[in-house]
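Indexing begins at 1, ligand by ligand and atom by atom, following the structure's order. Computed from a predicted structure; not experimentally measured.
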Amino acid sequence: MEKLVVKGPTPLKGEVTISGAKNAAVAILPATLLIDGVCTIENLPNISDIKISCTILEKLGAKITWNSPHSITIDTSHITTTKAPLDLTSKFRASYYLIGAMLSRKGEIEVGMPGGCKLGARPIDQHIKGFELLGANVTVEKGRIYAKAKKLKGCPIYMDIVSVGATINVMLSAVLAEGTTIIDNAAKEPHIVDVANFLNTMGADIRGAGTDVIKINGVKKLEGNATYSVVPDQIEAGTFMLAAVATRGDLLIKNCITKHLESVTAKIIEIGGNVEDNGDSIRVWCNKRPNRATIKTLPYPGFPTDLQPQMGVVLSLANGTSTINESIWDSRFQYTEELNKMGAKITAHGKTAFFEGVKKLTGAPVYSSDLRAGAALVIAGTAAEGETEIYNLEHIDRGYENIEEKFRKIGAKIERVTE
Ligand code: EPU
C-alpha cells in the first residue's frame, strides 16, 4: 500500500505549471470515436483516468501511439466492437461518454454503469433523456447500459438539471445526427467549450458552447487529420491557489486561463489573500490568517464543487466561523472528518458544513475519500504542524498529475512511501 507522508508546516513558494484538464480530456478521448480517421491530442494530463480511457479505446479497436507522456496520435478508423470492457468502464465516471460517442459512430454500445468518486447519488437520467429524444433506445440492466439507435435525429432538448456530463454526452450524440439539436439549460463549464472546440476543429458544427443554449447542426462526417491541445485544468490551478492561501505562501501558477478562475479569485480576495492576474498565469499570496467566509457551490461560473474541499482547508484555519453550502453533491463533506482528526472544528449536516476556524492543524493519519478530498488533505498536511500520512492515493492519482513532485518543487516536504 502506498501513502503520502507530509511534514509541515511549510509555506508553499515558487512556480508551478498546470497540466491539461482532466474533465476535458476524459471527454475528448471518447469524442475521437466520432472521427473516421486519425488525430493528435496534446496537453493530456498524465493521470490514471487517461490511461484507463486509452485502454478502453484500444479495446474498441482504436490504434494509439504515444508521442510523449502528454500527447497521443489516435486512429479510430477501425472500431471493431460495440461492447466496451465492463470492468474498466465501471471504474470511472467519464465512461458514460462512450454512450454518446458510440451511438453517433456505430449506433450501438454496451458499457458498465459508470463508477468514479462516491459523492452521493449520481443519476444519468438527463443523459438518457437526451439520447432517447434523439431516437435511441436505452436500457439499464444488471449493471450495464445498452443503447441502440437506427438513426439519430436532431431535436430540441431541455435539460431539467444543469449537468456537465449530460451536456457533453448529448453534444457527442448530436454531432453526426440528421438536422439540428438545441440543448437548452446547458452547463457552461470550460471543459464543455473545450470539447466543442475539439469537435469543431475536426469538422463539427457546434455553436454557443459556454452559454446555456448550444446549437448543434449535424454533419455527415468528421475528417480528423488535425492536432488539438487540451485546455489547462482550472481545478488543478484552483487547488494550488488555495494551497498558497492555506499555507500562507506565495505561488506563481503558470499555464492557466485566469478567466476560468474568477469565482475562486474573488473569494481569495474576500478572505484577505492577494491575487495578481496575468491572464495566462496567476500569482497568489497570503501572509496572514484568512478571514471567515460563506461559500455556496454552483455550476460554472459559480464557485466549483471540485474546489470545495480545498477551500474547506482554508476556512478551517480562518479567523471566525465559515459556512459552506454544497449544492451539487450529497456527500462531499467526507473530508471534514479527516480534517477534524487534524484538529479542525467542522460540523457537517447534510449539504451544509460549519467551520469554526482554528489557529493550527496538526499532522495525523488520514484517508482520502475521493479525488478532491485527497487534494485537500495534501494541502492540510502541508499547512499542519508535524507529520500527516495520507492513504487511498488511487483517488488522487486519478486526477492530479504527479502531485507530490509538483508540491515538492514549491517547497513541501512530501514523500510517497510504499508500506
Ligand atoms: N444529475 C442528475 N441527472 C443527470 C446528471 C446529473 O440528476 O442525468 C445531477 C447530479 O446528481 C448532480 C448535478 O446534476 O447533483 C450535476 O452533475 P453533473 O452531471 O454536472 O456532474 P458529472 O458530469 O457527473 C462532472 C465532473 C465532476 C464535477 C461535476 C460538477 C467529470 C468526469 N466529472 O461530473 O468532477 O464535480 O461535473 O461540476 O467531468 C471531479 O473532477 O472531482 C469531479 C467529481
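Within ligand 1, counting atoms from 1 as listed, the ones closer than 4.0 Å to a heavy atom of H127 are 8 (O). Of all atoms in ligand 1, numbered sequentially from 1 with element shown, those under 4.0 Å from a heavy atom of G165 are 19 (O), 23 (O). In summary, the atoms of ligand 1 found under 4.0 Å from a heavy atom of Q126, numbered by their order in the structure, are 3 (N), 4 (C), 8 (O). Close approach of ligand 1 to K22 (heavy-atom distance below 4.0 Å) involves ligand atoms 41 (O). Taking a cut-off of under 4.0 Å to the non-hydrogen atoms of I124, the atoms of ligand 1 that pass are 4 (C), 8 (O).
Using a 3.5 Å distance cut-off with no hydrogens or angles, the side chains of N67 and T73 do pair a donor with an acceptor. D277 and T258 share a donor-acceptor pair across their side chains, judged by distance under 3.5 Å alone. In this model, a donor atom of one side chain and an acceptor atom of the other lie less than 3.5 Å apart for R292 and T294. For the residue pair E419 / Y391, a side-chain donor-acceptor distance below 3.5 Å is found, with atom types taken as modelled.
By heavy-atom distance, the residue among F92, Y97, W329, Y300 lying nearest atom 17 (O) of ligand 1 is W329. Counting only non-hydrogen atoms, the option in I161, I128, I235, T167 that gets closest to atom 14 (O) of ligand 1 is I161. Here atom 35 (O) of ligand 1 lies nearest to D306 when heavy atoms of D125, D306, V162 are compared.
Using a 4.0 Å heavy-atom cutoff, R332 is listed among the residues neighbouring ligand 1. Look at P123 and you'll find a heavy atom under 4.0 Å from some atom of ligand 1. Using a 4.0 Å cutoff on heavy atoms, Y96 counts as a contact of ligand 1.
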Donor-acceptor pairs are to be reported for all side-chain atoms of residues 144-160 against protein atoms at under 3.5 Å, with residues two or more places apart or in another chain.
| unit_1 | atom_1 | unit_2 | atom_2 | d |
| --- | --- | --- | --- | --- |
| R144 | NH1 | E110 | OE2 | 3.1 |
| K151 | NZ | E178 | OE1 | 2.6 |
| D160 | OD1 | K129 | NZ | 3.0 |
| D160 | OD2 | Q126 | NE2 | 3.3 |
| D160 | OD2 | K129 | NZ | 3.3 |

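At least one N/O-N/O distance between I328 and ligand 1 falls below 3.5 Å. At least one N or O atom of V164 sits closer than 3.5 Å to an N or O atom of ligand 1.
Residues K215 and T180 form a side-chain contact, since some pair of their non-hydrogen atoms from C-beta on lies under 4.5 Å apart.
Here S163 has heavy atoms under 4.0 Å from ligand 1 in both its backbone and its side chain.
Residues forming a side-chain contact (heavy atoms from CB on, under 4.5 Å) with P45 (at least two apart in sequence, or on another chain): S19, A25, I47, I50, E401.
Taking a 6.0 Å sphere around NZ of K7, one finds it holds 12 or fewer heavy atoms contributed by other residues, nucleotides or ligands.
Exactly one of Q308, R332, E326 qualifies for a side-chain hydrogen bond (donor to acceptor under 3.5 Å, both in side chains) with T297. That residue is E326.
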